[in-house]
Structures are given as structure tokens and as C-alpha cells.
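Below, chains carry the letters A, B, ... as their sequence lines are ordered, and counting in each starts from 1. Both backbone and side-chain heavy atoms feed into the values below; hydrogens, waters and symmetry mates do not. Remember, it's a predicted structure, so these values are computed and weren't measured experimentally.
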Number of protein chains: 2
Amino acid sequence: MPLKLSLYPYLYCVKQTQNIKVSVDAVVFGYTSSEGLSILLINRRIKPFKGEWALPGGLVHNDETLEEAVERELEEETGLQISYLEQLYSFGSLKRDPRNRVIAVAYFGLVRPDAFRPKAASDAKAADWFNIKELPELAFDHQKIIDTALLRLQGKLTYEPIGFELLDKKFPFSELEKLYKTVLDRPIDRRNFKKKIMKFGFLVETNQKQKHAGSGRPGFLYQFNEKRYFQLKKDGINFEI
Amino acid sequence: MPLKLSLYPYLYCVKQTQNIKVSVDAVVFGYTSSEGLSILLINRRIKPFKGEWALPGGLVHNDETLEEAVERELEEETGLQISYLEQLYSFGSLKRDPRNRVIAVAYFGLVRPDAFRPKAASDAKAADWFNIKELPELAFDHQKIIDTALLRLQGKLTYEPIGFELLDKKFPFSELEKLYKTVLDRPIDRRNFKKKIMKFGFLVETNQKQKHAGSGRPGFLYQFNEKRYFQLKKDGINFEI
DNA sequence: GCAAAAGTGTTGTAGGTACACCCATGC
DNA sequence: GCATGGGTGTACCTACAACACTTTTGC
């Protein structure tokens, strides 16, 4: 059976002009040990889904890349500093948007706690953080996008050290441990976890101690050494938790 | 520092109408033990890049999903049966296509050897297979897309049993081993590899023997049990080679 | 001095790696 | 009978899991 070949495959494309828009949407995760894992949402001021909560995002401009579009939208709608951004998935089903056919290229972002502003800081709730376990009803297919992003976060955390992007530049070791417990939603052995992480060598202990919050013995602060990590990665280590 | 909020974030979008097209492109891998890993390319019959080799693909129709578009394009341009398809990545840089701004949602596909037709079968070389190590110059940014796809294939092979999608339904064990050696481009210990694979339990030995090709002792044929795999996956195994 | 969190080592076990000889078939 | 590829087991070693007591601090 030979290959079946159309001689003019592109003829199909000119029959009717394509009328599809391209948007970007960002699932931005934030984390604090007190509030757990949260997602940044905006309240829509225009139809459709006016007044409902949605992911930050919007149409891509003609003269900007997808990454630039996400960064611009985040800046415009929320003004926050992002510490990590990667493409997640493109959603292209037919009825995503009731107005037009719109394809969404979704991105996955992480911010540090110092960029994470709680409810009080926003005026009139135009943008706000929601705990991952207490999300409101969402516009469009944004719940599905969030589900995809959460799976990606959980997966990624176990084979790339992106957890640091959700913590302050310097943090007590227990913060990292709590982060893993929260996001992966399972218990972790403190001693084994520390051995595993420290063995890699890209996490360095500073000589500073935690400024005391609450009771208990204050721990030393640690920081992630990105340079060392990239060196190790080039030499071929594989991070596995 | 409070969140900076634009009151009318969507105003930005109406300043100028978006003029971006959406296409899909497919990186389809095929494998035979004699020829190694190959990619399916088509020879462009229209400008731009007329006469050059490119990935199969084209503009998405208004009334079809992204997956439908990929499958239609593959059918139109090459007529082949695909055994595995997943989304790879979306490429959105500004000058990908010299005509318009076009965003490509790239897909990653695998076909079995019996769908794999060598050069002789195609008329006038409209579509053809190229060994991964002997690719021609490619149109657009298709080389970059292929690089991304190859990394995905290598990664995926080690943590999901998709290798079976590149082999016939029944195959001698050595075929699987050669596939891994070829794609991962490193030596593999025969005995350990077999132990590892068989331990999972989703690969079953049939009582048929390989019809003899060349010299040497013919081996038994094996087949992948998809049902068993999904059951195991649900119960929480993780495939790791 | 008591509650709360940080810091730290050992032992058993499972799984991975390294490694070599015999068997069935075609020519 | 020889060349080619198929089939198979063991021993060592590393890496992970399980597990509990002491130390520092705030109140």
C-alpha cells in the first residue's frame, strides 16, 4: 500500500480564511507556609463572564512573542514579579470562548512570597490570590487549565529543583520541606529529605539564622546556588525526589 | 507595595485587530532496526520554501480542534496511520513565516513499521522518510521543532512505555532493546534491560517465534498489553528505564 | 520547665549494575 | 561446524526507607 499523497495540500487552506484568535493565559502559583499553595486570579470587568474569576491573560499582540504577551498581561493585570515561567499547554477546543474561536497558549508561573500580596493589598479585588483548595467557579475552561498546571507542578517538583522559585531567596530548610509536603500532598521524612537534597550540592547553608517567628529553635537559612545547579546539570546529574 | 492594577486590561486588545494565523505541525517518528530512527517530511510545492523539505502541517480550520487538524493534515499529505500522538510545544516567535505571523502548535507522533513506507513507495518524493542523522535543510524553524521533539522522545521513552508504539504489534525482544539503544544513543545491558521491562508485567511473551530473518537463533515474539498497563498505572506504578 | 521546632546517624533491605556461558538456527 | 543472535543467573554494592533522641529557643 503506497503513501496516499495530495498534490496540492495547501489548497484546503484557502477555501475559507482562518478566523481564529490567539490568547495567552497564565497559571501563577504562590506559596507561603501559613497559607499553602495559591493561584492568582483576576476578576473580569467585561463580558463574557463579567464579574467572574479567571486566569490572567489576553490576546497576543501582532508584534510580540508568546512569552512577551504573558509578561505584559501579568504586568498590566497584576503588576507582579515572576520568578519562573514556562509554557504549559495549548488549548484549542472549539467552544472555549463564546465570542470567537480562541486558542489559548497557557503558561505556568511561580512567584516568591515577597511578591505575593494578600487580599488586603488589592483595590476592589481586581486581582487576588486563592488557595488551591478553595478556588471559585472559573470562567471559560480555566479550571481545566489549572488542573493541568497543578499536575505539571507536582511532576516537575520531583525531577527539577523548581521549588526554590516559590520561596524567598533565603529560607529555613523546614520551609522547603513544608512546600514539598503541601504541593505533593503526602508526608515526607525530614531526615531522608534533607540528606537527599543536600547530597546534590546546589543548596548552601548560610551562617544566618532564621529571625524567630513563633516558638521553637530557629534554624539556619539556606539558599539555592543556581550557577552550581547549572554546572551540575551540564555534568549530568538528575534530580529525583 | 500594593498590586498594580489596570482597570481596563482588555482595552489594549482592541487598539489593533489581531492578525495572527494558527498552524499545526507534526514531527512523526518511525523506526526500523535496519534503518534506525526516521522522521517524516514533505516536499513543499508552494512558496515560501518551495521545493524544500518541511514538517507535515498547515493552517487549522475554523471548525476543527488542533488534534483534528493534525490528523487531517497527516492524512492529506501522507496518508499514514499514526499509533501515538501528543502535543509537543507551541512556537510563537515573530518571523517564523515570511508571509504572516503564524503560531505553530507542534505535535509529536509515532508510527509502527508496517505503516512506515520507504522512498520507493512515494510518487515523485512528495513525502519521504529521513534518518534522524541525515536530515536535509528544513523550511521555517522546523529544525528547532525537530530538536525539541527528539528530546521529548528520549525523555519520554525512559519514563513511559511508548517505545511499543514504534514497533509492530508483535516483536522479538531484541527489537525493543535495539530501539532503546538507537534512540537513547547509549549501550544497554541485555540481561538487565529484559529483567527491568519484564518486571513491570505489561509485556507478554507469545508462543510464536520470530520468522527467521538472517542468521542466529530466532527469538519469541512479545506483545504489549495496553489494558494491563493502564491497570498498573492506575494502581500507581512508575515506569523508569 | 515546658512546648515547639531544629538538628543529627544507623541499620536493614531492595534494587541496580556488572558480568559470561550455553543454545538454536542458517548456511 | 561455524557464525550469528537468543536466552539466562549470581554476587556485589549502592541507595533508599524506617526510625528517635538531643538541642535550642520563647514563653
**Q** Please identify each residue that fulfils salt bridge (Lys or Arg N to Asp or Glu O under 4.0 Å) with A:Glu160, with sequence neighbours left out.
**A** A:Lys156
**Q** Could you go step by step and tell me if A:Phe108 and A:Phe29 meet the ring-ring contact (aromatic ring centres under 6.0 Å, His included) rule?
**A** CA-CA 8 Å; A:Phe108 164 92; A:Phe29 290 101; 5.7 Å; yes
**Q** When you check the gap from the basic side-chain N to the acidic O, do A:Arg72 and A:Glu68 get nearer than 4.0 Å?
**A** no
**Q** Name all pairs fulfilling the salt bridge (Lys or Arg N to Asp or Glu O under 4.0 Å) condition that reach into residues 131-142 of chain B, sequence neighbours left out, sorted by first residue then second.
**A**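 Counting only pairs at least two positions apart or across chains, the salt bridge (Lys or Arg N to Asp or Glu O under 4.0 Å) contacts touching residues 131-142 of chain B are B:Arg96-B:Asp141.
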**Q** Answer with yes or no after comparing the ring centroid distance for B:Tyr222 and B:Phe220 against a 6.0 Å cut-off, counting only values under it.
**A**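 Here the rings of B:Phe220 and B:Tyr222 have centres that are no less than 6.0 Å from each other.
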**Q** Are the side chains of B:Val70 and B:Leu74 in touch, meaning some heavy atoms are under 4.5 Å apart?
**A**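 Sidechains of B:Leu74 and B:Val70: in contact.
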**Q** Looking at DNA chain D, which of residues 164-186 of chain B put a heavy atom within less than 4.0 Å of it?
**A**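 Heavy-atom cutoff 4.0 Å gives B:Ser174.
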**Q** When you match A:Lys194 and B:Lys209 each to their closest nucleotide on DNA chain C, which lands nearer the 5' end?
**A** A:Lys194
**Q** Rounded off to whole Å, could you give me the OH-to-P distance for the B:Tyr222 and D:dG6 pair?
**A** 11 Å
**Q** Classify every nucleotide of nucleotides 12-18 of chain D by which part a protein heavy atom approaches to under 4.0 Å, writing B for the base, S for the sugar-phosphate alone and - for neither, in 5'-to-3' order.
**A** ----SBB
**Q** Is a donor from one side chain sitting under 3.5 angstrom from an acceptor on the other, for A:Tyr159 and A:Glu240?
**A**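 Their side chains do not contain a donor-acceptor pair, so the 3.5 Å distance test is not met.
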**Q** So do the side chains of B:Leu37 and B:Leu150 get within less than 4.5 Å of each other, counting heavy atoms only?
**A**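 SC-SC contact between B:Leu37 and B:Leu150 confirmed.
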**Q** Nearest whole angstrom, please: distance from the C1' of D:dG6 to the CZ of B:Arg217.
**A**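 After rounding, the reported distance stands at 5 Å.
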**Q** Using the test salt bridge (Lys or Arg N to Asp or Glu O under 4.0 Å), find all partners of A:Glu177 that sit at least two apart in sequence or belong to another chain.
**A** A:Lys181
**Q** In this structure, how many angstroms lie between the P atom of D:dG26 and the CD atom of A:Gln210, rounded?
**A**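 My rounded result for the distance is 11 Å.
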**Q** So, taking the atom named CD in A:Gln143 and the one named CG in A:Leu138, what distance separates them when rounded to the nearest 0.5 Å?
**A**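 If I round to the nearest 0.5 Å, the distance is 5.5 Å.
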**Q** Send over the distance from B:Glu205 CD to D:dT8 C1', rounded to a whole Å.
**A** 12 Å
**Q** On DNA chain C, which is the earliest and which the latest nucleotide, 5' to 3', with an atom closer than 4.0 Å to a heavy atom of chain B?
**A** C:dG16 to C:dG26
**Q** With a distance cut-off below 6.0 Å to the six-membered ring centre and an angular limit of 45° from the axis, does A:Lys194 pair with A:Phe173 as a cation-pi contact?
**A** yes
